Number of protein chains: 2
Amino acid sequence: MATGSNRKTKQRDALVSVLERAERPLSVAELLEAASKRIEGLGVATVYRAVGALLDDGRIDAVEIPGEPTRYERSDKGHHHHFQCEKCDRVFDIAGCLDNLRKLVPPKFRVKQHSVMLYGVCATCSR
Amino acid sequence: MATGSNRKTKQRDALVSVLERAERPLSVAELLEAASKRIEGLGVATVYRAVGALLDDGRIDAVEIPGEPTRYERSDKGHHHHFQCEKCDRVFDIAGCLDNLRKLVPPKFRVKQHSVMLYGVCATCSR
DNA sequence: TCGATAATGATATCCTATTATCAATAGAAG
DNA sequence: CTTCTATTGATAATAGGATATCATTATCGA
């Protein structure tokens, strides 16, 4: 809500940069770890604050998975879905989507959005 | 783990009955409310215990949705997915499934299971 | 009908992601 | 360089679902 200013800080820059470059959705813990390599002593609260602001600005989207901490990813990727590896717990983007999902729904049900989660073992952990 | 006995109680009977007859996945709160109509003073702990036991026995399955309490449903329904109404929060079964999901995944990724969640407004709330 | 003990219900506790608090720090305007 | 105050970081507090505890109750075999 605060329309206050928006000072440029190294921690925010680092976090934005990590999110921009990320090739998969990252949790707060992952963000903290990644950005900590550049920012000595980065705190969790700062990560949560930055994530909150970026969500408000619509620059990132939340990827929610049952029983898992929320992941975040750039919002400019277009419609897609996700895959979670049961070994390393990482979440990956899956391009494409079956849009014929709608026809599964009974009449009178209005579908506004959907999410598809795939679970299995990722390429790295398959080796 | 306990291989202990398994006494027949009215609360368990009521809960099993509610789950058997349910036409959609029910949360612990919904189970409690439904079964309370028959069992005076039914407690939450009992519902959790019954649900736990039924899960162990494989008689029911958990339906997990991000940010929502887990729902439970009979495990003999066959593969299907779910729809949640944004008005009443209820979850409904959606028959059928797009099995071509697998082909969306990059090579070397092994898909073991998937879940599809549809969100929108149910028939009742559409009126 | 008794007795051993599983099951129940009320409630305290845990868990874990997220938010709030507050003193210390550091952008940035002048 | 100073000053103002947004931002930070450490940590306490919150929230909500699920589990543990324990005295009381009720099931069921003898």
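None of these values were measured; they are calculated from a predicted model. We name chains A, B, ... by the order of the sequence lines, and we start the count at 1 in each one.
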Kindly state which residues belonging to residues 13-42 of chain B come within less than 4.0 angstrom of DNA chain D, counting heavy atoms of the residue only, listed by number. none
Atom NZ of Lys77(A): over 12 foreign heavy atoms under 6.0 Å: yes
Determine the interplanar angle of the His114(A) and His81(A) rings, folded into 0 to 90°, and report it as parallel if under 30°, tilted if 30 to 60°, perpendicular if over 60°. tilted
Under 4.5 Å between side-chain heavy atoms, counting indirect links through other Ile/Leu/Val/Met/Phe/Trp/Tyr residues: same cluster for Val105(B) and Val116(B) or not? yes
Taken to the nearest whole Å, CZ/Arg71(B) to C1'/dG16(D) is 14 Å
Going hydrophobic residue to hydrophobic residue with side-chain gaps under 4.5 angstrom, can you get from Phe92(A) over to Leu26(A)? no
Using residues 33-54 of chain A as the side-chain source, report each donor-acceptor pair under 3.5 Å to any protein atom, sequence neighbours left out, with the distance given to one decimal.
from, atom 1, to, atom 2, distance (Å)
Ser36(A), OG, Leu32(A), O, 2.6
Arg38(A), NH2, Ser17(A), OG, 2.9

Candidates dG9(C), dA17(C), dG9(D) - which lies nearest the side chain of Tyr48(A): dA17(C)
Determine whether Tyr119(A) and Ile94(A) fall in the same hydrophobic cluster, where Ile, Leu, Val, Met, Phe, Trp and Tyr are linked whenever their side-chain heavy atoms lie under 4.5 Å apart. no
Considering only side-chain heavy atoms of Asn6(B), which listed nucleotide, dA7(C), dA28(C), dT21(C), is closest? dA7(C)
Looking at dA18(D), I'd like to know if its phosphate oxygens (OP1 or OP2) sit under 4.0 Å from a side-chain N or O belonging to Thr70(B). yes
Ala45(A) side chain: which of dG9(C), dG9(D), dA18(D) is closest? dG9(D)
Would you kindly give the NZ-to-P distance between Lys10(A) and dG27(C), to the nearest whole Å? 6 Å
With heavy atoms under 4.0 Å as the rule, sort Arg12(A) into base, sugar-phosphate or nothing. sugar-phosphate
So what is the end-to-end bend of the helix from dT1(C)-dA30(D) to dG30(C)-dC1(D), with 5 pairs used at each end and the value given to 10 degrees? 30°
Using the closest heavy atom to pick a nucleotide of DNA chain D for each, name whichever of Pro69(B) or Arg49(B) lands nearer the 5' end. Pro69(B)
What is the separation between atom CD on Glu68(B) and atom C1' on dA15(D), rounded to the nearest whole Å? 15 Å
Just verifying a value: how many Å separate Glu30(B) CD and Tyr72(B) OH, rounded to the nearest 0.5 Å? 12.0 Å
Ignoring hydrogens and angles, does a donor from either the side chain of Arg7(B) or the base of dG29(D) sit under 3.5 Å from an acceptor on the other? no
By nearest atom, which of the nucleotides dT8(D), dG9(C), dA26(D) is closest to the Gln11(B) side chain? dG9(C)
Transitively linked via ILVMFWY side-chain contacts under 4.5 Å: Val18(A) with Ile60(A)? yes
Is there a continuous path of hydrophobic side-chain contacts, each under 4.5 Å between heavy atoms, that joins Phe83(B) to Val121(B)? no
Tell me which nucleotide among dA26(C), dA7(C), dA18(D) gets nearest to the side chain of Thr9(B). dA7(C)
